[in-house]
2 protein chains.
Amino acid sequence: MKKKKITLGEIARLAGVGKATASRVFTEGASVAPATRERVLTVARDLGYQPSQLAKSLSTGRTHYVGVIFAYMDNPFYAASLEVLTYTLQDAGYQVLLLMAWNDTPEEEKIIQKLLDYRVEGIIAGSASISNAIAQRCADLGIPVVMYNRDQLRLNLPAVVSANYQGAHAATRLLIRTGHTRIAHIAGWQQATTGIERAKGFSDAMAEAGLEPVAITDARFLRHLAVEETHRLMRDGPRPDAILVGNDNMAMAVMDVLAGAYGLDIPGDVSVIGYDDAACAQLGRYDLTTVRQPVGQMAREAVGLIESLILDPAQPARKVVAPATLVVGSTVRGMDLTTTASIEALSRELGIDVEVRTPLAPGLSA
Amino acid sequence: MKKKKITLGEIARLAGVGKATASRVFTEGASVAPATRERVLTVARDLGYQPSQLAKSLSTGRTHYVGVIFAYMDNPFYAASLEVLTYTLQDAGYQVLLLMAWNDTPEEEKIIQKLLDYRVEGIIAGSASISNAIAQRCADLGIPVVMYNRDQLRLNLPAVVSANYQGAHAATRLLIRTGHTRIAHIAGWQQATTGIERAKGFSDAMAEAGLEPVAITDARFLRHLAVEETHRLMRDGPRPDAILVGNDNMAMAVMDVLAGAYGLDIPGDVSVIGYDDAACAQLGRYDLTTVRQPVGQMAREAVGLIESLILDPAQPARKVVAPATLVVGSTVRGMDLTTTASIEALSRELGIDVEVRTPLAPGLSA
DNA sequence: CATGAGAGTGGAACCGGTTCCAAAAAGGTG
DNA sequence: CACCTTTTTGGAACCGGTTCCACTCTCATG
């Protein structure tokens, strides 16, 4: 009583038609007589026929797979990004092959190798740094790669990022404009373009105002390093009256250290600005002033980009820069944004969208 | 000058051997003469040969795909779970096909249909509720399904959950033991076993102590509903002196409302306990007393379960219940846990692991 | 009524691998 | 050196679909 596998051929046989005809029944826009179609569909339904994507992909040469390489899921920005990427891709008819890989992993090469074996039609890389060799290989195979939230400076790859430079620049100018003079920057990883661009935005804004940064240190987006750096900042040299931090996760840790270990008031004694507008940072007890990266928009752009590259791999590498928004919480002193007019004025002055956070926003990202 | 596709046959031809021999070179433990192997490998390397997993899967009947259905990525528990699940699976030699689907989506059926088309060898469902029909279908096809962090009561499916009942029960007993008498429960979704079990743990602990709950309401794990329910709680009837909340995301919102809108001190006026031990809840300004679900362990158990089911689909459905840990922060009044002895005593009394949170823990989940 | 167009159909080759099987080559033994 | 065993090898079938092509059958047109 062994169960026979239900294949197209089996269906065809039982419906008394050729394999080719049966195939046409499941192909959009192929010409089949209505009566035949009905007969085949009935048999298929009765037997619970499941067409094999594997066989289909093999013969058509299209897999509809997109490889997504991610990491850092403890950062809400990446978690939200992955969610939007995934359902956007699946709505567009693609399947997500998910891989986790950190930047420094030696397995990186192997990981991508695997993706190629599975014949993905495109790759969205949100964490891995694509080495020259791998990028070349993908190019040879005609497989487009889109960098997400990072840019490969040496290689000319398509990428989706947000306006990191402008965001950090505007945030810094906000601090300067509100009267802070001893400003420090606890930066994100200086090997990633996000960290680099934000640090540059900070430095430039300081220089333009004729101010010398109290310090610029690399905390590599790691909370415990941010904690260390904060202690160092408070111990050595002149204490800052404001700190721009590389992302929200670190910024909240910084706030905890300032208040907990040094009894400082925020923003009374020190102002703090973060980056990302992570869900936690929106909570009442932090209400962090920060720069928002438009997660949803970025993810959708990335999908659009990879889609268009899959359809036409020859097109030149395009970079998409999504606009950032300055989100005003209550961690910067000297702010007065009670009227719509003053908000608009600030926005014009800083050259960036400004939004005042309404406390206890529902705040579910999408 | 058209580039010929590099296939096994091509390699074989160039190396002057048969396709079968070439295939054996890439098969572990097949017998090939060393000289021949070398020759084939050289040709393959020179041409940058990429074996097609598609073709391989089709002919061997093994895909090494595992479908993972998730959602709610704004909840750090799910984000961390997905991370661990993914890299554990990929270490075990499986590929993750990721799908996002909410519980009430009508597309659910379609989603799973798709997974079956792709011939996944197993499914880990962290969000979707598997309908009877679909479970039956998977069973017919011999495809194992493991529920993650939820249980399907009617269906006898394998599942990995944490000890929700015990966790909530212990948390409630902690509140009672520290002298609270007017205790409310803002529960998680009462259609999900997580929400149900926790609510039951709460009710039972109250009943055992002869206490009447001030209120039990369903906030469906949604922050804005938790906010609403908190307001209702404060407006109507007797005000609680403690609230057990269905998860950390909601608990933090509850704290914000209590402090922000009613000027209440936590834990002075009201004690709060959450559930999950989310990264944000560990931050200094919340330092929430909560119940930890062992993310890493749960994810690894899920992978182990699906692996063993793939190898032997006939085995009976097993349920894994991972132990919960009571993590003591500073949102419950009347606690005195300065000595190791007192911690151990409490642990024994409540029948659950107890841990006192050290402030500013590095706190990256794994 | 022959003619041509167009719809509907099935046979067979193909996608890129694996694997069964029988044949060829190599190695060991008396 | 004949004979048996073991290792290596290639041909061919197969996995489950798609698609090219040639063929049959209608039906409208000149």
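Owing to the predicted nature of the structure, the values given are computational and were not obtained by experimental measurement.
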Note to self: If you take any heavy atom closer than 4.0 Å to DNA chain C, which residues from residues 31-42 of chain A end up in contact?
What the structure shows: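 Those residues are A:Ser31, A:Val32, A:Ala33, A:Thr36.
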
Notebook entry, point to check: Less than 4.0 Å between a side-chain N and a carboxylate O, is that true for B:Arg62 and B:Glu121?
Noted result: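 Result for this pair is yes, salt bridge flagged.
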
Next item on the list: Taking atom types as modelled, find out whether A:Gln50 and B:Gln113 have a side-chain donor-acceptor pair closer than 3.5 angstrom.
Entry: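 Yes, side-chain donor-acceptor contact under 3.5 Å.
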
Could you give the [atom1]-to-[atom2] distance, from [X] to [N], as a whole number of Å?
| X | N | atom1 | atom2 | answer |
| --- | --- | --- | --- | --- |
| B:Ile6 | C:dG17 | CD1 | P | 10 Å |
| A:Leu58 | D:dG16 | CG | P | 12 Å |
| A:Lys56 | C:dC14 | NZ | C1' | 17 Å |
| A:Arg24 | C:dG10 | CZ | P | 8 Å |
| A:Arg62 | D:dT19 | CZ | C1' | 17 Å |
| A:Glu10 | D:dG16 | CD | C1' | 12 Å |
| B:Leu8 | C:dC14 | CG | C1' | 16 Å |
| A:Gln53 | D:dG17 | CD | C1' | 10 Å |

Next item on the list: Could you list by number each residue of residues 112-121 of chain B showing a heavy-atom separation from DNA chain D of less than 4.0 Å, or answer none if no residue does?
Entry: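 Correct list: empty, so none.
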
Note to self: Using modelled atom types and a 3.5 Å cut-off, is there a donor and acceptor pairing between side-chain atoms of B:Thr21 and backbone atoms of B:Val17?
What the structure shows: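 Here the side-chain-to-backbone pair does not exist.
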
Item checked: Under 3.5 Å: donor-acceptor pair, side chain of A:Thr60, backbone of A:Lys56 ->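 Checked: pair present.
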
Considering only side-chain heavy atoms of [X], which listed nucleotide, [options], is closest?
| X | options | result |
| --- | --- | --- |
| B:Thr7 | D:dT9, D:dG11, C:dG16 | C:dG16 |
| B:Thr27 | C:dG16, C:dT18, C:dC21 | C:dT18 |
| A:Thr21 | C:dG10, D:dT18, C:dT18 | C:dG10 |

Heavy atoms under 4.0 Å, any strand shown: does [X] hit a base, just sugar-phosphate, or nothing?
| X | result |
| --- | --- |
| B:Gln50 | sugar-phosphate |
| B:Thr60 | sugar-phosphate |
| A:Ser52 | sugar-phosphate |

Margin query: Show the nearest heavy-atom pair for residues B:Cys138 and B:Ile112, with the distance to one decimal.
Written below: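 Reported closest heavy-atom pair: SG-CG2, 4.5 Å.
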
Notebook entry, point to check: How far apart are the closest heavy atoms of A:Val120 and A:Gly67, and which atoms are they?
Noted result: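 Closest approach of A:Val120 to A:Gly67: CG1-N, 3.8 Å.
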
Item checked: Pair B:Tyr148-B:Ser81, side-chain hydrogen bond (donor to acceptor under 3.5 Å, both in side chains): steps then yes or no -> CA-CA 9 Å; B:Tyr148 182 81; B:Ser81 294; 2.8 Å; yes

Notebook entry, point to check: Between A:Phe26 and A:Tyr49, does the ring centre distance come in under 6.0 Å?
Noted result: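 Distance test on ring centres: under 6.0 Å, yes.
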
Notebook entry, point to check: Is any side-chain N or O of A:Lys19 closer than 4.0 Å to OP1 or OP2 of C:dG10?
Noted result: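 No, A:Lys19 has no side-chain N/O under 4.0 Å of OP1/OP2 on C:dG10.
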
Check: Any side-chain N or O of A:Ser59 under 4.0 Å from OP1/OP2 of C:dC14?
Finding: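 The answer is no; no side-chain N or O of A:Ser59 sits under 4.0 Å from OP1 or OP2.
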
Checklist line | Spatial distance of atom NE2 (B:His64) from atom CD (B:Gln95) [nearest 0.5 Å] | finding: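 It is 10.0 Å, given to the nearest 0.5 Å.
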
Margin query: Parallel, tilted or perpendicular, judged at 30° and 60°: which one describes the rings of A:Tyr78 and A:Phe70?
Written below: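 Plane angle over 60°, so perpendicular.
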
